[in-house]
Trainee: 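Handing you this structure, nothing more for now.
All values derive from a computational prediction rather than experimental measurement. To find a chain, count down the sequence lines: A is the first, B the second, and so on, and within it residues start at 1.
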Protein chains: 2
Amino acid sequence: METLLPGPGPSADIMDPLCPSRVVFQRIGDKWASLVVQVLADGPVRFSELRKHVHVITPKVLTQTLRTLERDGLITRTVFAQVPPRVDYQLTALGESLLGPLTVLRDWAESNVPSILDARDAYDDARDGTLPEG
Amino acid sequence: METLLPGPGPSADIMDPLCPSRVVFQRIGDKWASLVVQVLADGPVRFSELRKHVHVITPKVLTQTLRTLERDGLITRTVFAQVPPRVDYQLTALGESLLGPLTVLRDWAESNVPSILDARDAYDDARDGTLPEG
DNA sequence: CCCCTTAGTATCTATAGGATACCGATGATT
DNA sequence: AATCATCGGTATCCTATAGATACTAAGGGG
């Protein structure tokens with residue numbers, strides 16, 4: 001039932017609600033965090049630019065997301081002593097290491113959109129009365 | 001600023017809130033959906049078993065999650081005419097195709113737990129007054 | 001003096017998630 | 001025969017999170 005790996009993190013178990021790996025896993029799955037990370041893939045981006053690229057996120061939620069990513073060591077926050085203010089957000093090495101896994105997931109999502117939309121149509125049709133069978 | 005891939009899904013853009021790929025991507029990132037899919041990796045599982053394996057999910061939320069996965073064509077729901085009732089949930093081919101990407105992410109999460117916990121400690125220390133610098 | 005910019009906060013509301021209780025059907029138990 | 005246990009959910013209530021919107025601070029320029 002369980003696969004014990006000899007390498008790194010053999011005791012980590014996503015299914016255990018007390019295991020930090022679950023928290024980490026769900027952080028990645030956060031509605032906005034993974035999008036923010038991907039926007040930062042090409043280098044530092046400032047707050048206002050993030051708002052434009054990750055539409056349509058509200059400033060409050062973007063701030064929350066960035067704080068959490070910073071706290072988890074995935075991004076850094078650099079404040080420039082300017083007016084108007086400038087704050088750059090940038091991936092750390094840890095954050096960059098997440099890009100690969102995220103890309104795999106993103107590719108899956110984008111290439112399977114048609115299948116999923118078809119399934120939805122079929123599902124909705126089946127409960128709209130115009131069901132082809134039954 | 002944007003990378004257009006020649007392969008599958010060149011028009012899908014996760015950053016576009018109107019693009020279905022974003023919805024799909026965020027569905028994967030759902031707090032429970034990805035855990036459920038991984039529990040179903042080894043074959044059909046019934047409702048009560050899912051509740052045990054994906055702890056600690058409430059029945060209402062598990063039902064919602066399963067309905068959504070079913071609607072999106074990732075799992076099937078099989079009702080057996082028994083008492084007490086038995087309902088099996090099982091991955092479709094589409095659902096199985098998601099296991100690979102999810103495993104990549106899970107491995108990343110489980111192997112990077114220490115780094116993230118360290119970052120959190122450092123972050124929290126820095127705002128507890130006992131900051132080592134400044 | 002007022003307006004422009006940026007990077008957020010403050011406040012309020014809407015929606016989703018979570019805790020708990022309950023239901024329907026039936027076989028086993030008492 | 002009445003009761004209990006099982007299973008797959010619903011119904012109800014409450015809270016936590018997300019979202020919408022307005023506002024602030026700190027200057028520079030007109």
Side-chain angles (χ1 to χ4, degrees), chain A residues 15-18 22-37 39-40 43-72 75-90 123 127, chain B residues 15-18 22-37 39-40 43-72 75-90 123 127:
Chain A
M15 296 302 165
D16 181 0
L18 298 177
R22 176 148 168 182
V23 181
V24 170
F25 188 76
Q26 298 190 335
R27 167 106 340 120
I28 303 166
D30 179 86
K31 181 169 183 179
W32 298 110
S34 52
L35 294 178
V36 167
V37 168
V39 169
L40 296 180
V45 180
R46 55 196 298 186
F47 190 86
S48 55
E49 291 299 312
L50 273 170
R51 278 192 73 181
K52 289 174 200 158
H53 283 287
V54 187
H55 32 243
V56 187
I57 190 172
T58 62
K60 190 189 76 171
V61 175
L62 179 55
T63 300
Q64 288 171 356
T65 303
L66 291 169
R67 292 289 181 277
T68 305
L69 288 172
E70 187 192 4
R71 185 176 113 103
D72 284 353
I75 66 172
T76 57
R77 179 173 178 271
T78 309
V79 182
F80 296 87
Q82 302 177 358
V83 169
R86 172 180 168 186
V87 179
D88 275 8
Y89 292 92
Q90 186 171 197
Y123 186 89
R127 47 201 61 232
Chain B
M15 297 300 166
D16 180 0
L18 298 177
R22 176 148 168 184
V23 180
V24 170
F25 188 76
Q26 297 191 335
R27 167 103 342 118
I28 302 165
D30 178 86
K31 181 170 183 179
W32 299 110
S34 53
L35 295 179
V36 168
V37 168
V39 169
L40 296 180
V45 180
R46 54 197 298 186
F47 189 86
S48 55
E49 291 299 311
L50 274 169
R51 279 193 72 181
K52 288 174 201 159
H53 284 289
V54 187
H55 31 246
V56 189
I57 189 172
T58 63
K60 190 189 77 170
V61 175
L62 179 55
T63 299
Q64 289 171 355
T65 303
L66 290 169
R67 293 288 182 278
T68 305
L69 288 173
E70 187 192 2
R71 185 177 113 105
D72 284 354
I75 65 173
T76 56
R77 179 173 178 270
T78 309
V79 183
F80 295 87
Q82 301 176 359
V83 169
R86 174 181 167 185
V87 179
D88 275 9
Y89 292 93
Q90 187 171 197
Y123 186 89
R127 47 202 60 233

Trainee: For the pair made of NE2 in H55(A) and C1' in dG19(D), what is the distance, rounded to whole Å?
Mentor: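 Atom NE2 in H55(A) sits about 17 Å away from atom C1' in dG19(D).
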Trainee: Closest approach of H53(A) and M15(B), non-hydrogen atoms and distance?
Mentor: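 Shortest heavy-atom contact: O-CB, 3.8 Å.
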Trainee: Does a side-chain N or O of W32(A) approach OP1 or OP2 of dT17(D) to a distance below 4.0 Å, or not?
Mentor: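 Answer no for this pair, as no side-chain N or O of W32(A) is under 4.0 Å from OP1 or OP2.
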Trainee: Select from D30(A) and E49(B) the residue whose nearest nucleotide in DNA chain D is closer to the 5' end of that strand.
Mentor: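 By nearest-heavy-atom nucleotide position, the 5'-most residue is E49(B).
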Trainee: Could you tell me whether the phosphate oxygens of dG8(D), OP1 or OP2, come under 4.0 Å of any side-chain nitrogen or oxygen in R86(B)?
Mentor: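 So the side-chain polar atoms of R86(B) never come under 4.0 Å of the phosphate oxygens OP1 or OP2 of dG8(D).
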Trainee: Give the rounded distance in Å between these two atoms: CD1 of I57(A) and P of dA18(D).
Mentor: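 Spelled out: CD1 on I57(A) to P on dA18(D) is 10 Å.
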Trainee: Look at R46(A) and dT6(C) and indicate whether a side-chain polar atom (N or O) is within less than 4.0 Å of OP1 or OP2.
Mentor: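 Answer is no, no contact under 4.0 Å.
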Trainee: Given atom CZ of R51(B) and atom P of dA19(C), what is their separation to the nearest angstrom?
Mentor: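 Answer to the nearest Å: 11 Å.
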Trainee: Using whole Å, what does the distance between atom C1' of nucleotide dG17(C) and atom CG of L66(B) come to?
Mentor: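 In whole Å, dG17(C) C1' lies 16 Å from L66(B) CG.
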Trainee: Could you work out which one of dA18(D), dG19(D), dT5(C) sits closest to the side chain of P84(A)?
Mentor: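 From the listed options, dT5(C) comes nearest.
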Trainee: Looking only at the side chain of R67(A) (C-beta and beyond, no hydrogens), which of the listed nucleotides dT9(C), dG18(C), dG19(D) gets closest?
Mentor: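 Among the listed nucleotides, the one closest to the side chain of R67(A) is dT9(C).
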Trainee: When you check the phosphate oxygens OP1 and OP2 of dA7(C), does a side-chain N or O of S48(A) lie under 4.0 Å from one of them?
Mentor: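 S48(A) to dA7(C) OP1/OP2: side-chain N or O found under 4.0 Å.
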Trainee: Rounded to whole angstroms, how far apart are CD on Q26(A) and P on dG17(C)?
Mentor: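 Computing the Q26(A):CD to dG17(C):P distance gives 12 Å.
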Trainee: Among L69(A), T68(A), I57(A), which one satisfies side chain to side chain contact (heavy atoms under 4.5 Å, CB included) with W32(A)?
Mentor: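 Exactly one pass, corresponding to I57(A).
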Trainee: Go through dG9(D), dT6(C), dA25(C) for me and flag the one nearest to the V83(B) side chain.
Mentor: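 Given the options dG9(D), dT6(C), dA25(C), the side chain of V83(B) is closest to dA25(C).
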Trainee: May I have the distance from F47(A) (atom CZ) to dA7(C) (atom C1'), rounded to whole angstrom?
Mentor: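 One finds 6 Å between C1' of dA7(C) and CZ of F47(A), rounded.
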Trainee: Which residue lies toward the 5' end of DNA chain C, V56(B) or P85(B), if each is placed at its nearest nucleotide?
Mentor: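 Going by which nucleotide is closer to the 5' end, it is V56(B).
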Trainee: Return the value, rounded to whole Å, for the distance between atom CG of L62(A) and atom C1' of dA20(D).
Mentor: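 So the CG-C1' distance, L62(A) to dA20(D), works out to 15 Å.
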Trainee: Taking all non-hydrogen atoms of both residues, which atom of K31(A) and which atom of L35(A) are closest, and how far apart?
Mentor: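 Nearest pair, atom of K31(A) first, then L35(A): O-CD1, 3.9 Å.
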Trainee: Which of these nucleotides, dG9(D), dC7(D), dT21(D), is closest to any side-chain atom of P59(A)?
Mentor: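 Nearest to the side chain of P59(A) among the choices is dT21(D).
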Trainee: What's the closest nucleotide to the T58(A) side chain, out of dA20(D), dA18(D), dT9(C)?
Mentor: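 Selected nucleotide (nearest to the side chain): dA20(D).
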Trainee: Nearest to the K31(B) side chain among dT9(C), dG17(C), dG18(C), which nucleotide is it?
Mentor: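 Nearest to the side chain of K31(B) among the choices is dG18(C).
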Trainee: Taking atom types as they are modelled, would you say the side chain of K60(B) forms a donor-acceptor pair with the base of dG9(D) within the 3.5 Å cutoff?
Mentor: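 No, the side chain and the base share no sub-3.5 Å donor-acceptor pair.
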Trainee: Quick one: closest heavy-atom pair of V45(B) and L50(B), and the distance?
Mentor: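 Distance-wise, the nearest heavy atoms are CG1-N, 3.8 Å.
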Trainee: Between R22(A) and P17(A), what is the shortest heavy-atom contact and its length?
Mentor: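 In this case the closest contact between R22(A) and P17(A) is NH1-N, 3.6 Å.
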Trainee: Please classify the nucleic acid contact of Q82(A) as base, sugar-phosphate, or nothing, using heavy-atom distances under 4.0 Å.
Mentor: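 Counting heavy atoms under 4.0 Å across all strands, no contact is made by Q82(A).
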Trainee: Tell me what Y89(B) touches on the nucleic acid: a base, only sugar-phosphate, or nothing, going by heavy atoms under 4.0 Å.
Mentor: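 Result for Y89(B) = sugar-phosphate.
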Trainee: Using a 4.5 Å cut-off on heavy atoms from C-beta on, say whether the side chain of F47(B) contacts that of T63(B).
Mentor: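 Yes, side chains in contact.
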Trainee: Between D88(B) (CG) and dG8(D) (P), how many Å, whole number?
Mentor: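 So the CG-P distance, D88(B) to dG8(D), works out to 8 Å.
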